[in-house]
Amino acid sequence: MLHNQFDNFYKKFIISFFLMTIVFISWIGYSFKTESEASLDIGYQRYFNSNYKVFSLNTPSEISFADEQVPLEILDVRERLDRELLVNTYWQSQSLLFHKRANRWFPLIEPILEKNGVPDDFKYLAVIESGMTNAVSPAGATGFWQLLKDTGLEYGLEINNEVDERYSVEESTQAACKYLKAAYKQYGSWSMAAASYNMGIGGLQKQKSKQKVGNYYDLLLNEETSRYLFRILAAKEILSKPGIYGFHFRPKDLYPPYRTNQVIVDYEIKDIAQFAFDHGTNYKVLKILNPWLRDGFLTNPEKKQYSIKLPADDVFGNLPIELNPEQFGNSDTLSTDTIR
C-alpha cells in the first residue's frame with residue numbers, strides 16, 4: 001500500500017516537473033523573442049530616424065500674383081500660403097506631373113494670355129483647375145480651364161455632341177481670357193478676378209458688398225475659394241523654382257510639346273478613323289491631338305472651317321524631341337530651373 005502511494009506521488013511529481021519545465025522553457029523562449037524583436041524595433045527606429053528626413057519649408061519673404069503683392073505680413077495669409085506649399089511640395093507625384101506637363105502646354109498657353117492682355121501668372125490657374133488635363137468635374141466643368149457648358153457658350157465656344165471646344169486648349173484658353181478680363185473690369189484686381197473664377201463674379205460681388213471690403217486677402221470666403229489663389233501661388237512658386245523645392249529634371253524627363261501639322265476642313269467627315277488613315281495616322285493619335293472632336297464623324301452642316309491637327313513625322317512612334325538646349329544647359333546635369 002505504501003509502495004503504491006509512493007509510486008503515485010512519484011508519477012505526479014514527474015508529470016508536474018515536466019509540465020513546469022515546458023512552461024519555463026516556453027517563457028524563456030518568449031522572453032528571448034520579445035527582447036530580440038524589441039532590439040530589432042529599436043534598431044529599425046534608429047535607422048528610420050537617421051535616413052528619413054521631412055523638412056518644413058521656408059515660406060517666401062515676398063511673392064506676387066499678376067504684379068499684385070501678396071500681404072504676407074498678415075498672419076493668416078502667410079499660413080494659408082505655407083499650407084499650399086507644403087501640400088504641393090510633399091504630394092510629389094502630382095507636382096512631378098505638373099512639371100512634366102507644363103513643359104508641353106505652357107508654350108501653347110502663354111502666347112494666348114499675352115495676346116489677350118491677361119497676366120502670364122494665370123497659366124498656373126489651369127494647373128490647379130485641371131492638372132493640365134481634359135478633366136471633367138462632377139458638375140460638368142470640362143477641359144484645362146474647367147468651363148461649364150453655359151459659360152463656354154457665353155464666351156464663344158462651340159459645344160454640341162460632335163464638337164466641344166472646351167477640350168481644345170487654344171479655344172478654351174481664349175474663352176478663359178474673356179471671362180478673366182470681364183472679371184478684372186468688374187473688380188480692378190487680378191487677384192479678385194482669379195477668385196471669381198472659382199466662386200463666380202456674382203457670388204464674389206455678394207461677399208464683397210456684405211463684408212464691405214474689396215481685397216481678396218481681407219475677405220472671409222468658403223474654404224475652396226479661400227484656398228484658391230494660394231493654390232495658384234504655390235503652383236507658381238514650385239514650378240518656377242523647382243530646385244528650391246527638391247524637384248530635379250533632365251530634359252528627357254519632361255513631356256515635349258506635340259509637333260503637328262494642320263489641315264483645314266470645311267466639309268463633312270463621315271468616318272474620322274478613315275480620315276485619319278487617309279492622312280497618315282490613326283484614330284487614337286488624331287483624337288489625342290484633337291480631343292474637341294467628340295464623335296466618330298463630323299457632319300458640319302454649316303460648312304464651318306475647322307483646323308485639325310495631324311502629327312508631324314513619327315511623333316507618336318519614335319518620339320523625336322525638340323528641346324531648346326539653352327533652356328536646360330548641359331544635358332548631362334540635372335536642371336533646377338526648367339519650367340518658366
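Note that the coordinates shown come from a computational prediction; the quantities given were computed from them, not determined experimentally.
Here Arg80 pairs with Asp76 in a salt bridge; the nearest charged N to carboxylate O distance falls below 4.0 Å. A salt bridge links Lys241 with Glu237; the closest basic N to acidic carboxylate O contact falls under 4.0 Å. A salt bridge links Lys304 to Glu158: at least one charged side-chain nitrogen sits closer than 4.0 Å to a carboxylate oxygen.
Ser95 and Asn88 form no side-chain donor-acceptor contact under 3.5 Å, judged by distance and modelled atom types alone. A donor-acceptor contact closer than 3.5 angstrom is absent between the side chains of Trp145 and Ser130. Side-chain contact check for Ser64 and Asp67: no donor-acceptor pair (N or O, by modelled atom type) lies under 3.5 Å.
Checking side-chain atoms of Lys236 against main-chain N and O of Asp121 turns up no donor-acceptor pair under 3.5 Å. At distances below 3.5 Å, at least one donor-acceptor pair connects side-chain atoms of Asn103 with backbone N or O atoms of Tyr255. A distance-only check finds no donor-acceptor pair linking the side chain of Thr133 to the backbone of Gly131 [under 3.5 Å]. Looking only at distances, no side-chain donor or acceptor of Ser226 sits under 3.5 Å from a matching main-chain atom of Glu223. Using modelled atom types, one side-chain atom of Ser137 and one backbone atom of Ala141 make a donor-acceptor pair closer than 3.5 Å. The closest donor-acceptor contact from the side chain of Asp164 to the backbone of Arg166 lies under 3.5 Å. The backbone N or O of Lys284 sits less than 3.5 Å from a side-chain atom of Asn282, completing a donor-acceptor pair. The backbone N or O of Leu220 sits less than 3.5 Å from a side-chain atom of Gln211, completing a donor-acceptor pair. At distances below 3.5 Å, not a single donor-acceptor pair connects side-chain atoms of Glu224 with backbone N or O atoms of Met199.
The aromatic rings of His99 and Phe249 sit tilted, their planes meeting at an angle between 30° and 60°. A perpendicular orientation is assigned to the rings of Trp105 and Phe144, their planes being inclined by more than 60° (bins at 30° and 60°).
Through direct or relayed side-chain contacts under 4.5 Å between Ile, Leu, Val, Met, Phe, Trp and Tyr, Val265 connects to Val136, Val163, Tyr167, Val263, Tyr267, Ile269, Ile272, Phe275, Tyr283, Leu286, Trp292, Leu293, Leu298, Tyr306, Ile308, Leu310.
Between Ile238 and Tyr245 the shortest side-chain heavy-atom distance falls below 4.5 Å. Using a 4.5 Å cut-off on side-chain heavy atoms (C-beta onward), Leu147 and Leu157 make contact. With contacts defined as side-chain heavy-atom distances shorter than 4.5 Å, the pair Tyr258/Arg104 qualifies. The shortest side-chain heavy-atom distance between Cys177 and Leu113 falls under the 4.5 Å cut-off. Side-chain atoms of Leu219 and Met192, non-hydrogen and from C-beta on, do get closer than 4.5 Å to each other. Residues Glu165 and Ser172 have side chains not in contact (no heavy-atom distance under 4.5 Å, counting atoms from C-beta outward). Contact annotation: the side chain of Pro111 never approaches that of Glu170 to less than 4.5 Å [non-hydrogen atoms, C-beta and beyond]. For the pair Leu233/Tyr124, no side-chain contact is recorded, criterion being any heavy-atom separation below 4.5 Å from C-beta on.
Rounding to the nearest 0.5 Å places CD1 of Ile159 at 11.5 Å from CZ of Arg294. Interatomic distance, CD of Glu84 versus CG of Leu229, reported as 10.5 Å (0.5 Å rounding). In this structure, CD in Glu302 is found 13.0 Å from CG in Asp266, a value given to the nearest 0.5 Å. Here Arg259 contributes atom CZ and Leu289 contributes atom CG; the two are 12.0 Å apart, rounded to the nearest 0.5 Å. Rounded to the nearest 0.5 angstrom, Leu81 CG and Arg231 CZ are separated by 13.5 Å. The line from NZ of Lys178 to CG of Leu180 is 12.5 Å long, rounded to the nearest 0.5 Å.
Glu171 and Ser168 get closest at one heavy-atom pair: N-OG, 3.2 Å. The minimum heavy-atom distance between Asn300 and Glu162, with the atom names listed, is N-OE1, 4.2 Å.
Ring-centre distance between Phe122 and Trp190: below the 6.0 Å cut-off. Ring to ring, Phe98 and Phe247 are not that close: their centroids are 6.0 angstrom or more apart.
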Open item on the list: Set out, in order, the CA-CA distance, both residues' side-chain angles and the distance that settles salt bridge (charged side-chain N to carboxylate O under 4.0 Å, His left out) for Lys100 and Asp253, then state yes or no.
Closed with: CA-CA 7 Å; Lys100 290 171 178 281; Asp253 296 327; 5.0 Å; no
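Applying the salt bridge (charged side-chain N to carboxylate O under 4.0 Å, His left out) criterion to Glu68, with sequence neighbours excluded, gives no partner residue.
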